[in-house]
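Written below as C-alpha cells is the structure these notes are about.
All heavy atoms count here, side chains included; hydrogens, waters and symmetry mates do not. All of these numbers come straight from a predicted model, not from anything done at the bench. To find a chain, count down the sequence lines: A is the first, B the second, and so on, and within it residues start at 1.
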2 protein chains.
Amino acid sequence: MSSTNHHLFREQTSGRKKRERTRSALLDSAISVFASKGFEAARITDITNHAELANGTFYNYYKDKDELLRDVTAGLAVELTGRINDEMENLAHGPTRVTFATARLLQIARREPEWLSVYLEGVFIVTELQAAAVQYLRQDLEIGIEQGHFDTEVNLLLVNQILSLIRAALLLDPAMSDHTIIQTCEAVLRLLGLPPRKAAKQVASVFERFLSSDEHTTDAQG
Amino acid sequence: MSSTNHHLFREQTSGRKKRERTRSALLDSAISVFASKGFEAARITDITNHAELANGTFYNYYKDKDELLRDVTAGLAVELTGRINDEMENLAHGPTRVTFATARLLQIARREPEWLSVYLEGVFIVTELQAAAVQYLRQDLEIGIEQGHFDTEVNLLLVNQILSLIRAALLLDPAMSDHTIIQTCEAVLRLLGLPPRKAAKQVASVFERFLSSDEHTTDAQG
DNA sequence: AAGAAAAATGAGACTAATCCCATAAATGAG
DNA sequence: CTCATTTATGGGATTAGTCTCATTTTTCTT
C-alpha cells in the first residue's frame, strides 16, 4: 500500500535482538496505519498485517492499542523535537530559534508526513505526554520574550495556537511546499507579535542561512 | 451525562409533525454523543439511547452514521455562521467584522461548547461542506484587504489557520473565558497582519461596542 | 371511535473486532 | 548439534456493533 516507507524504528534496531526488531516493526506499522486511517479507526489486525505478523503477536508486546500509541508517540517525540533541538544548540536569537524549529519540523514532514501527523494526533490523545512535547517550544518562547522580540504572554493557549498552525499546514498541504512552510513560519511570528514585514525578513533570513534547498544536513553549522 | 442540554433542533420543531420531532431528537442526541466521544467512536446505539429511542428507529431516518453527520453539520452551519452573519449586516469595517464574528462564535461556544466542537469536526470530515462553511469568512477577509487593513493573501491555508485558532481555543478552554476569547481574536488579527497594539485596540473596541457582558443581543434570555 | 397510515420497536442474523492460549517455530548458548 | 528458552502463530471463544424486518404502537382523519 504505502509507496514510501521509511521505518523510523526498525532502522534503529536492525542488528539487535529479535524482540527489539519485532517491536520496532509494530511501531513502524502503527505509524503507517494510524496515519492512513486515524487512531480510532485503526484495527490491531491492520497493524499486524502491515508488519507481516500474526494477530496474536501484538499481544506479546502491548496490552492494547492505547499502550501502543503511547509508545509510538513517545518515540516520535524524541525523534522530532529532540533532534531539532540538538540542531539548534548554537542559536541564541529567539525569533531565529522559533523560525528554525518550525521550518525544520515542516521540512521533516515533507519527507515523512506520517510522522508528524501521528505525532500530533498522539500528543492530543495521550495527554500525559503533552507537557513534555511542548517543553522545547516554551523555552524558545521564553528566550524570545527575554530578548524583547516577542510581544505576548506565554501560556498554554499560545503554545496550542502554534501547534494548531503546524497542524493546519499538515492537513492542507501534506506535500509541504516551501510556500506552505514559509506562510506557516510567518504566521507563527506574527502570532508572537512581529509585524508582517519583520516576520517575512526573519523567515527569509533563516531559510537563506540554514535551510537552502541544496543542503539538508543534520548538523546545523553556525 | 450532559448536565446542560439545549436541544438546538428540537426547539425548532416542537409543535410539528412527529417525524420532524424524532429527527430533531436524533440530531440533538448526535451532537451530544459526537461531542463527548468523537464521531468515530460514537455508536448508533449511543445516539438512540441518548434520544430514548429504539436502535431500529435510527434506520427509519438515516442510512448510516455518515449521513447523520452530514445533516448535523449542515444544520449547525446554518445556526452558527448564518446567524452571526445576519447580526453583522450593518458592519462595513473589515477588521471589525472579523473580530465580531470570531468573538461571537466563541461566545456561542461558551453556552454551547458541543455545537462548535461538533461543527468543526464535521466540517473537517464532510469535505463537501467545507467551501460553504468558510464562505462568510472569506468574504470578510476580502473586505478587510480591499480596505487596506489586512496585509495577507487570502488562500485556503489562511482560512484553515483561522479555523485552527478557533479550534485551539475550544480544546483548551471549553468554558471559553473572556480571556480566551480576547486572546483568540487578537491572534486572528495578528495573523492578518495587524500589529499587536492595533489588534488589541480593535478587539477592545468591538467588545465595548457590541459585546459588553450585560447585553447579549438577539433573543438571549435564560 | 374506527380504520388506515405513519412511526417505533427490538429480536436476531450478520459482520467484525478483541484477546487468550495451546502449540509450533526460531533462536542462541554450550 | 542439542535442547532450553524465547518468540510467533492462528484457531476460536467472547464481545460488540450494524442493519433488517415482521410486528406493535401511535397518530391522524373522518
Paired with dT9(C) by Watson-Crick or G-U wobble geometry, both distances under 3.5 Å: which nucleotide is it? dA22(D)
Under 3.5 Å, is there a donor-acceptor pair linking the side chains of Thr45(B) and Asn49(B)? no
Measure from CD1 on Ile47(A) to P on dA17(C) and round the result to the nearest Å. 12 Å
Heavy-atom protein contacts under 4.0 Å, nucleotides 20-30 of chain C, coded B base, S sugar-phosphate only, - none: B----------
Using side-chain hydrogen bond (donor to acceptor under 3.5 Å, both in side chains), reason through Arg138(A) and Gln135(A) one step at a time and then give a plain yes or no. CA-CA 5 Å; Arg138(A) 284 193 92 116; Gln135(A) 168 195 2; over 6 Å; no
Check this for me: Tyr61(B), atom OH, are more than 12 non-hydrogen atoms of other residues, nucleotides or ligands nearer than 6.0 Å? yes
Under the 3.5 angstrom rule, does the side chain of Arg110(A) hit a backbone N or O of Met176(A) as a donor-acceptor pair? yes
Under 4.0 Å from a heavy atom of chain A: give me the 5'-most and 3'-most nucleotides of DNA chain D that qualify. dT7(D) to dG10(D)
Once you round it to whole Å, what is the distance between C1' of dT18(C) and OH of Tyr62(A)? 18 Å
Does either side chain, that of Asn85(A) or that of Gln139(A), offer a donor lying less than 3.5 Å from an acceptor on the other one? no
So Arg70(A) and Glu67(A), salt bridge (charged side-chain N to carboxylate O under 4.0 Å, His left out) or not? Walk me through it. CA-CA 5 Å; Arg70(A) 229 165 281 137; Glu67(A) 198 173 286; 5.4 Å; no
Whole angstrom is fine here: how far is it from CD in Glu67(A) over to P in dC19(C)? 11 Å
So what does Tyr61(B) hit on the nucleic acid, given a heavy-atom distance under 4.0 Å: a base, only sugar-phosphate, or nothing? sugar-phosphate
Rounded to whole Å, CZ of Phe58(B) lies from P of dA7(C) at a distance of 17 Å
Give the rounded distance in Å between these two atoms: CG of Asp66(A) and P of dT18(C). 12 Å
Report the residues that fulfil side-chain hydrogen bond (donor to acceptor under 3.5 Å, both in side chains) with Asp28(A), sequence neighbours left out, ordered by chain and then residue number. none
Are Arg23(B) and Glu20(B) ion-paired here, with the side-chain N under 4.0 Å from a carboxylate O? yes
